[in-house]
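What follows is one structure encoded as C-alpha cells, with my remarks underneath.
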Amino acid sequence: MHLLPKSRKRVARGLSVWVSNHYRPTLFGIRGKYESSYKSGQYVESGSPGTGFFVRNSSSRTYKAFCKGEREKLTPKYLDMVRGLEFDFDREIARVQEAQNQGGLHPAKAAILESYVNVLPLAKEAEDAERVIDGIKELSHRKHHLSSYQTHVMSSFKSKVARLGHDVRTIQMHVPELCGEERYKLFGAVVVAFSQVAASHRIWCVRENLSGLESSFSQVYFDLGIFNFIQAPLMTPLMRDAEGRRYYFYPDYLVRSVDAVDFEVYDLKDLNFLFREVPYDMVSNMVIDSYYDNENTQEISTHVHRRNYEQFGDGLLVNKDTKALNEIEEEHKLRERVVGELYVPELHLRYYVRDFKALKAFAKAMSDYQVSVMKG
C-alpha cells in the first residue's frame with residue numbers, strides 16, 4: 001500500500017526519478033495513439049485496461065456531460081490510492097484466475113478470460129514504463145531540456161513500450177481471425193447500422209419493474225468501443241442499460257458486462273431484436289428531457305410531454321396489436337412524434353430511440369445477418 005502519491009525510483013545507472021504511485025490509464029493494446037486520439041475519437045477507459053469507448057462527435061449536451069463524467073472517474077484520487085480502490089494489475093489477474101476456476105463457463109467466456117489474463121502482465125509492464133517516461137519528462141520542468149543521457153534512457157523505455165505493443169498483438173483476440181474474414185465482412189453491415197443509431201440524440205432504456213409497479217425510463221448512450229483488449233477492425237458496438245451494464249456485439253455472441261471479469265456471454269443466434277414504431281406521446285409521460293449548461297453541466301430546466309394515447313395500448317406498449325397505431329392522424333407520424341422501440345426479450349432489454357429510421361435499419365441489418373449467417 002502506498003502512502004505517498006510518488007516514490008523515488010532508480011531507472012538507470014546514475015538516474016533516479018519520481019514516479020507516480022497512481023494507476024495510469026494508457027492506450028496499450030487498444031490502437032495506435034494517433035488513430036485512438038483523432039481518427040476514432042478520444043478513447044476513454046471504462047474501469048480497467050483494454051475496456052472502454054471512443055467518444056463520438058456530438059452536439060448533445062447530455063452526451064458531452066456523460067463523457068465528462070466518465071473522464072473524471074479516471075482522475076487520480078489520493079484517498080482511492082491509499083484505500084486500494086484504484087485499479088491494480090495483480091488484483092485483477094487474481095480475479096481472472098478465480099473466475100477461470102469456475103465450472104460450466106461458456107466457451108467464448110473462457111477464451112476471453114484466457115486472452116485477458118495473458119495480456120494483463122504485458123499491460124502492467126507497459127504501464128510501469130509509461131510512469132517512468134512521465135517521471136523523466138518531469139525533469140525537464142526544472143531545466144530547459146533533458147540531457148542527452150536522460151533522453152537516451154527515456155527513448156529506451158519508449159522502445160520497451162513499443163516492443164510490448166508488438167508482442168501483445170500476437171496474444172490478443174482478433175475477431176476476424178475467430179469468425180473468418182467473410183463473416184466479419186457481413187457483420188460489418190450491423191456495425192455500420194449500429195453507429196447510426198448511436199448518433200441519435202435521445203435513447204432511453206426501460207427499467208422494468210417486475211413487481212408490477214410502474215417502470216421507469218433512463219437516458220443511455222450507445223458507442224463503439226473495445227472489451228478486454230479484443231481487437232476488431234470496425235471496433236465493437238456497445239450498448240448500455242439503465243443499471244450501468246454494458247453490451248458488446250460480436251459476430252457470434254453478445255457480451256453483457258458488469259466489468260472486465262464479471263460478464264456473461266449469449267449466442268447471437270439465440271437473441272431476437274424486435275423493432276416497431278410507436279407514437280412518442282405514448283411513452284413521453286415516462287420521459288423527462290433535461291437540458292444542461294455546457295459549462296457546468298447543471299440541470300437548468302425540465303419538461304414533460306403528455307398526451308392521452310391509452311386508447312391505442314396499455315402501459316409500456318405491451319399490446320402487440322399495432323392496427324390502432326395506424327389510425328393515428330398523419331400529422332402525428334412526423335419524425336418528432338414517432339420513436340422506435342427495440343426489444344430483446346431474452347435479455348429483458350427495451351429501448352426507445354428518437355431516430356426510429358436508424359433503429360429500424362439496425363434491426364433489419366441484424367435480422368439479415370442472423371438469417372444469412374447464423375441461421376442459414
Does a side-chain N-to-carboxylate-O contact under 4.0 Å join [X] and [Y]?
X	Y	value
K9	D128	no
D241	R256	no
R95	D262	no
D368	K364	yes
K185	E181	no

L15 and L139: side-chain contact (heavy atoms from CB on, under 4.5 Å), yes or no, with the steps? CA-CA 11 Å; L15 179 60; L139 296 176; 4.0 Å; yes
Between [atom1] of [X] and [atom2] of [Y], what distance do you get to the nearest 0.5 Å?
X	Y	atom1	atom2	answer
D134	M154	CG	CE	10.0 Å
R350	E341	CZ	CD	5.0 Å
L146	H152	CG	NE2	13.5 Å
Y247	S257	OH	OG	10.0 Å
T236	F249	OG1	CZ	11.0 Å
F229	I30	CZ	CD1	6.0 Å

Identify whether [X] and [Y] are in the same connected component of the hydrophobic contact network (ILVMFWY, side-chain heavy atoms under 4.5 Å).
X	Y	value
I226	V258	no
Y351	Y343	no
L274	F356	no
I136	Y149	yes
V117	I171	yes

A quick test of your reading: do over 12 heavy atoms of other residues, nucleotides or ligands sit less than 6.0 Å from [atom1] of [X]?
X	atom1	answer
K360	NZ	no
R91	CZ	yes
E243	CD	yes
H174	NE2	yes

Do [X] side-chain atoms and [Y] backbone N/O form a donor-acceptor pair below 3.5 Å?
X	Y	answer
N101	Q97	yes
N21	L4	yes
E86	Y23	yes
Q231	G29	yes
D88	D90	yes
S200	V197	no
Q196	F362	no
R131	H22	yes
S115	I112	no

For [X] against [Y], the heavy-atom pair lying closest together:
X	Y	value
V11	V17	CG1-CG2, 3.8 Å
L234	V191	O-CG1, 3.7 Å
E125	L164	CB-CD1, 3.6 Å
F194	L224	CD2-CD2, 4.0 Å
M366	V190	CE-CG1, 3.7 Å
C67	V55	SG-CG1, 3.9 Å

In terms of ring plane angle, is the pair Y253 and Y250 parallel, tilted or perpendicular, where the classes change at 30° and 60°? tilted
For the rings on F263 and F227, is their centre-to-centre separation under 6.0 Å? yes
Stepwise, does the side-chain contact (heavy atoms from CB on, under 4.5 Å) test hold for L349 with F273? CA-CA 10 Å; L349 272 180; F273 296 83; over 6 Å; no
Regarding R240 and the six-membered ring of F53, is the cationic atom NZ or CZ under 6.0 Å from the ring centre and inside 45° of its axis? yes
No-hydrogen, no-angle side-chain donor-acceptor test under 3.5 Å, [X] and [Y]:
X	Y	value
Y221	E70	no
Y63	D223	yes
T62	Q219	yes

Quick one: do L254 and L347 satisfy side-chain contact (heavy atoms from CB on, under 4.5 Å)? Show the steps, please. CA-CA 11 Å; L254 178 144; L347 301 177; 4.0 Å; yes
Stepwise salt bridge (Lys or Arg N to Asp or Glu O under 4.0 Å) test for K124 and E127: CA-CA 5 Å; K124 179 183 179 181; E127 194 255 353; over 6 Å; no
Evaluate the criterion side-chain contact (heavy atoms from CB on, under 4.5 Å) for residue pair I203 and V353; output intermediate values, then yes/no. CA-CA 5 Å; I203 302 176; V353 178; 4.0 Å; yes
